[in-house]
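Everything below concerns the one structure shown next.
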Amino acid sequence: MTDFAATRAMFHLPEGMIYLDGNSLGPMPVAAAARVAQAVTDEWGQMLITGWNKAGWMDQPARVGNRIARLIGAAPGTVVMGDTLSIKVYQALASALEMNPKRRVILSDTGNFPSDLYMAEGLCRTLGGQYRLKTVAPEEVMSAIDDTVAVTLITEVDYRTGRRHDMADITARAHEMGALTVWDLAHSAGAFPVDLTGARADFAVGCTYKYLNSGPGGPAFIYVAPAHADKARPALSGWLGHEAPFAFDLAYRPGAGIERMRVGTPPVLQLAALEAALDVWDHVDMKDLRAASLRLQDLFIKRVETQIPGLQLATPRSHAMRGSQVSFRHPEGYAIMQALIAEGVVGDFRAPDILRFGFTPLFIDEDDVARAVNIWARIMDLGTWDKPAFKQRQKVT
Ligand SMILES: *Cc1c(COP(=O)(O)O)cnc(C)c1O
């Protein structure tokens, strides 16, 4: 059994704060501070350029990728780190489209994160406008997969509602219709068990600063199924994805397998933080994590619905259709969230009316949930959210 009291002790959590936003930016693992300091002082400071070999910086994207692979049901050698998620979406999509050259439609859904849709639109423009991004309601994805679809670009868990797609079902349907799949695991990796191999996913991408706790600006990852890894053409053909970067050939030749999805210089210091963050996962059984996450979510929903009137649950009640977040709608959601944050209960707000709370058993327990709901109920009873200061929109919501 996973000892969640032990994992909680591995995080630095500010005194008095109930942090329900690990789905957006994970908290700092205590060991990350020391690990980054060591990378700065002992590696960068002392080794300088020799750190690429001596400290293993050059192999870090693949080494760390293998540790992520374990958490998402991927085989060793199928995941590599680098860039940001938006870039990885573009990269996966471009390769997938090229592998299905007779078709012109990218299928996504209206619940997808805008950056994924923007990247897809941008790629369509770059490809000369013969390609088209088609978005349907999340419930309509299955029926919209027809023989015009080249690639599905689906984020498994909706960033606003927390609604979860069935990855295995959608992938099977896509394959049946001759389409390839790109899965965005932004709200899946580290949130619950993911089985890319079992689902037969073609490509997957995700970020590490959410449930994997790599810190602000932490790098993204990309997965390519072993069957495609030596066929997929990298659209972002940078030198570190080359077969022999230090041959400095004038012509590009893609590297072996997943290595070709590297682009340029890896973010060494961010990867050091991520390596420390991943140590926490050595103590976690994903099944235990899922069970604990659902317990926390169910408790939260039950308490909110008993203690606070006037809210509408935006997240599906069915466990199978949920990730690791719970969202409620309220017309004054923004101000209410600011009032909650002022009292140490940190969630976030997503336009137009969503109050969003992430539940991460690694550092959140039942006590936190009960206290958070009590604080929220008091804010609603006293109307303390109804202040001009709480209605002033900040740049990041
Ligand atoms: C968080 C998130 C992103 C963010 O992309 P970055 O390039 O890392 O800023 C993209 N897509 C989805 C689905 C996300 O949830």
Side-chain angles (χ1 to χ4, degrees), residues 20-27 61 64-65 68 71-72 79-94 96 106-123 133 135 138 141 151-165 167 170 181-192 194 196 201 203-223 235-236 261 263-264 266-267 270-271 273-274 277 314-315 322-327 347-351 354 356-360 395-397:
L20 304 179
D21 218 353
N23 53 311
S24 202
L25 177 69
V64 176
I68 303 267
L71 303 176
I72 54 175
V79 175
V80 79
M81 311 304 300
D83 316 297
T84 76
L85 178 50
S86 303
I87 303 283
K88 277 356 214 178
V89 165
Y90 187 95
Q91 205 182 16
L93 199 51
I106 299 167
L107 179 70
S108 192
D109 71 74
T110 52
N112 204 347
F113 190 74
S115 197
D116 296 39
L117 303 177
Y118 302 159
M119 293 312 266
E121 281 174 2
L123 178 60
L133 169 66
T135 49
V141 167
V151 180
T152 60
L153 172 62
I154 306 288
T155 297
E156 187 181 14
V157 178
D158 186 309
Y159 75 106
R160 274 187 301 215
T161 63
R163 181 190 187 280
R164 179 178 171 185
H165 281 292
M167 187 192 290
I170 290 181
T181 54
V182 175
W183 284 99
D184 188 328
L185 305 179
H187 301 277
S188 311
F192 48 80
V194 175
L196 288 176
F203 292 83
V205 293
C207 49
T208 59
Y209 50 79
K210 291 173 180 162
Y211 291 96
L212 295 173
N213 315 306
S214 68
F221 63 84
I222 184 167
Y223 162 87
L236 303 173
M261 291 298 161
V263 182
Q270 289 279 182
L271 280 164
L274 176 55
T315 305
R322 266 195 242 162
S324 199
Q325 69 172 69
V326 172
S327 303
D348 59 22
F349 172 78
R350 288 294 174 261
I354 296 235
R356 192 170 73 146
F357 304 89
F359 293 91
T360 316
K395 195 165 185 176
V396 175
T397 63

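In this text, all values refer to a predicted model and were calculated from it rather than measured experimentally. As a basis for the values below, the full set of heavy atoms in this structure was taken, side chains included, without hydrogen atoms, waters or symmetry mates. Whatever order the structure lists them in is the order used to number ligands and atoms, beginning at 1.
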Gln91 side chain to Met261 main-chain N or O, any donor-acceptor pair under 3.5 Å?
yes
If we number the atoms of ligand 1 from 1 as shown, the ones under 4.0 Å from a heavy atom of Ala186 are 12 (C), 13 (C), 14 (C), 15 (O)
Going by the 4.0 angstrom heavy-atom rule, the piece of Thr155 near ligand 1 is side chain
Next item on the list: Look at the side chain of Thr152 and the backbone N and O of Ile154, then say whether any donor-acceptor pair between them is shorter than 3.5 Å.
Entry: no
shortest atom 15 (O) of ligand 1-to-protein heavy-atom contact is with Lys210 NZ, 2.5 Å
*Should Ser115 be counted as touching ligand 1, given the test is an N or O pair under 3.5 Å?*
no
* Thr397 side-chain N/O to Phe349 backbone N/O, donor-acceptor pair under 3.5 Å -> yes
Note: ligand 1 atoms sitting under 4.0 Å from heavy atoms of Thr84 are 7 (O), 8 (O)
Give a yes or no answer on whether the side chain of Thr110 reaches the backbone of Thr135 with a donor-acceptor pair at less than 3.5 Å. no
Atom 4 (C) of ligand 1: closest protein heavy atom, distance to 0.1 Å, is Tyr209 OH, 3.2 Å
query = Is there at least one pair of N or O atoms, one from Asp116 and one from ligand 1, spaced under 3.5 Å apart?
reply = yes
So the atoms of ligand 1 within less than 4.0 Å of a heavy atom of Asp184 turn out to be 11 (N), 12 (C), 13 (C)
Short version for Ser86: what comes under 4.0 Å of ligand 1, heavy atoms counted, is both
**Q.** Any donor-acceptor N/O pair, Thr208 side chain to Ser214 backbone, under 3.5 Å
**A.** no
Verify, without hydrogens or angle tests, whether Arg356 (side chain) and Tyr159 (backbone) share a donor-acceptor contact under 3.5 angstrom. yes
Within 4.0 Å of some non-hydrogen atom of His187, the atoms of ligand 1 are 15 (O)
message: Tell me whether Thr315 contacts the main-chain N or O of Ser327 through its side chain, where contact means a donor paired with an acceptor under 3.5 Å.
response: yes
Counting from 1 in the order shown, the ligand 1 atoms closer than 4.0 Å to a non-hydrogen atom of Phe113 are 2 (C), 3 (C), 4 (C), 10 (C), 11 (N), 12 (C), 13 (C), 14 (C)
Discussion item. Looking at Asn112, is its backbone amide N or carbonyl O close enough to the side chain of Thr155 to form a donor-acceptor pair, meaning the two atoms are under 3.5 Å apart?
Written reply: no
